[in-house]
Visitor: 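Encoded as structure tokens, here's the structure I'll be asking about.
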Amino acid sequence: MHAMQYEITLPADYDMGIIRKRVADKGRLLDAYPGLGLKAYLVRERGHEGSPVNQYAPFYLWRTAEGMNSFLWGPGFRGLSADFGRPAVRHWLGAGLAHGSGPARGAAPDAPATTATRHTVRLPEGADPAEAVEQALAGFPAHPALHTAAVAVDPYRWELLRFALWQGPAPDDAPGTRYQVLHLSRPELDRLPSGRHW
């Protein structure tokens with residue numbers, strides 16, 4: 001399993017309706033994409049939920065490296081790069097990654113996730129990354145709005161990432177950057193290896 005995200009920061013006066021229309025028109029194109037666990041089409045809007053920027057920042061959980069490579073070298077990413085410039089792509093390899101299904105996904109599997117949070121922290125020198133992943137997964141609350149959670153480690157920066165999808169508003173005490181979810185493609189979500197169920 002691989003996690004991946006890129007961020008496209010847009011001008012302060014950018015009409016975010018353009019991004020919303022783009023996702024409405026093209027989001028469904030990945031609803032059956034081979035090798036893709038999920039793609040959350042994320043945005044931040046300046047002044048909303050404390051965001052200082054307008055940003056399009058999709059987050060992916062890939063079930064296979066082949067699916068991820070096919071996307072990155074394919075027409076979809078090529079088109080995005082042509083329209084906005086080629087973004088830097090962060091990715092986390094499967095050895096340091098786990099994912100879990102939250103109560104909201106279990107209670108209503110087809111109900112959409114509407115918000116997301118992403119929190120990153122540097123692992124202390126000498127910390128065991130495997131233990132840090134387990135502790136981070138255990139630290140996700142059994143909150144009724146939690147849809148899906150993922151934990152990953154970037155072994156270059158030794159940075160721990162905690163990502164969560166929520167049905168409805170994210171809890172006030174959920175740490176990290178907050179996003180709106182415009183669309184959720186989840187063709188192979190149920191086939192991702194799971195580290196924990198709440």
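Everything numeric in this text was worked out from a predicted model, so none of it was measured. Side-chain atoms are counted along with the backbone in the values below, which use heavy atoms only and exclude waters and symmetry mates. Numbering of residues begins at 1 and proceeds along the displayed sequence.
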Visitor: Are P112 and H147 close enough that some pair of their side-chain heavy atoms sits under 4.5 Å apart?
Guide: no
Visitor: If you measure from NZ on K39 to OH on Y33, what distance do you get to the nearest 0.5 Å?
Guide: 10.0 Å
Visitor: Kindly work out whether a path of hydrophobic side-chain contacts (I/L/V/M/F/W/Y, heavy atoms less than 4.5 Å apart) joins F71 to L29.
Guide: no
Visitor: How long is the gap from CZ on R22 to NE2 on H183, to the nearest 0.5 Å?
Guide: 14.0 Å
Visitor: Between A116 and W166, what is the shortest heavy-atom contact and its length?
Guide: CA-CD1, 4.0 Å
Visitor: Listed by chain and number, what are the side chain to side chain contact (heavy atoms under 4.5 Å, CB included) partners of Q180, not counting sequence neighbours?
Guide: R20, V43, E45, H48
Visitor: Hey, are the side chains of D154 and L161 touching, using non-hydrogen atoms and a 4.5 Å cut-off?
Guide: no
Visitor: Quick one, R157 and R122 - any side-chain contact, counting heavy atoms below 4.5 Å?
Guide: yes
Visitor: As an exercise, state the distance from CG of L192 to CE of M1, rounded to the nearest 0.5 Å.
Guide: 5.5 Å
Visitor: Y56 and F84: aromatic ring centres closer than 6.0 Å?
Guide: no
Visitor: Would you name the heavy atoms of E188 and G35 that are closest together and state the gap between them?
Guide: OE2-N, 2.9 Å
Visitor: So do the side chains of Y41 and S185 get within less than 4.5 Å of each other, counting heavy atoms only?
Guide: yes
Visitor: Just by distance, do the side chain of R178 and the backbone of T115 share a donor-acceptor pair under 3.5 Å?
Guide: no
Visitor: Which pair of non-hydrogen atoms, one from W62 and one from P34, has the smallest distance, and what is that distance?
Guide: CZ3-O, 4.4 Å
Visitor: What distance do R191 atom CZ and R186 atom CZ have between them, rounded to the nearest 0.5 Å?
Guide: 14.0 Å
Visitor: Can you get from I19 to V53 by hopping between Ile, Leu, Val, Met, Phe, Trp and Tyr side chains that sit under 4.5 Å apart?
Guide: no
Visitor: Would you please classify the geometry between the F163 ring and the F59 ring as parallel, tilted or perpendicular, with 30° and 60° separating the classes?
Guide: parallel
Visitor: For R46, does the CZ atom have more than 12 heavy-atom neighbours from other residues, nucleotides or ligands under 6.0 Å away?
Guide: no
Visitor: Identify the heavy atoms of L30 and P187 that sit nearest to each other, and give their distance.
Guide: O-CG, 3.6 Å
Visitor: If you define the side chain from C-beta out and look only at heavy atoms, does anything of R118 sit under 4.5 Å from L42?
Guide: no
Visitor: Could you tell me which non-hydrogen atom of L165 sits nearest to which non-hydrogen atom of A40, and how far apart they are?
Guide: CD2-CB, 3.9 Å
Visitor: Would you call L72 and M4 a side-chain contact if the rule is heavy atoms closer than 4.5 Å?
Guide: yes
Visitor: Roughly how far apart are E125 CD and W158 CH2, rounded to 0.5 Å?
Guide: 10.5 Å
Visitor: Measuring only between side-chain heavy atoms, which start at C-beta, is P129 closer than 4.5 Å to L123?
Guide: yes
Visitor: Pairs under 3.5 angstrom only: tabulate donor-acceptor contacts from the side chains of residues 74-82 to other protein residues two or more places apart or in another chain.
Guide:
| residue | atom | partner | partner atom | Å |
| --- | --- | --- | --- | --- |
| R78 | NH2 | W73 | O | 2.8 |
| S81 | OG | F77 | O | 3.0 |

Visitor: For A174 and T117, work out which heavy atoms get closest and say how close.
Guide: CB-CG2, 4.2 Å
Visitor: Any side-chain heavy-atom pair from T148 and L184 closer than 4.5 angstrom?
Guide: no
Visitor: So how far is it from L182 CG to T114 OG1, rounded to the nearest 0.5 Å?
Guide: 11.0 Å
Visitor: Give the cluster check for L36 versus V89: same hydrophobic cluster or not, with ILVMFWY residues linked at side-chain heavy-atom distances below 4.5 Å.
Guide: yes
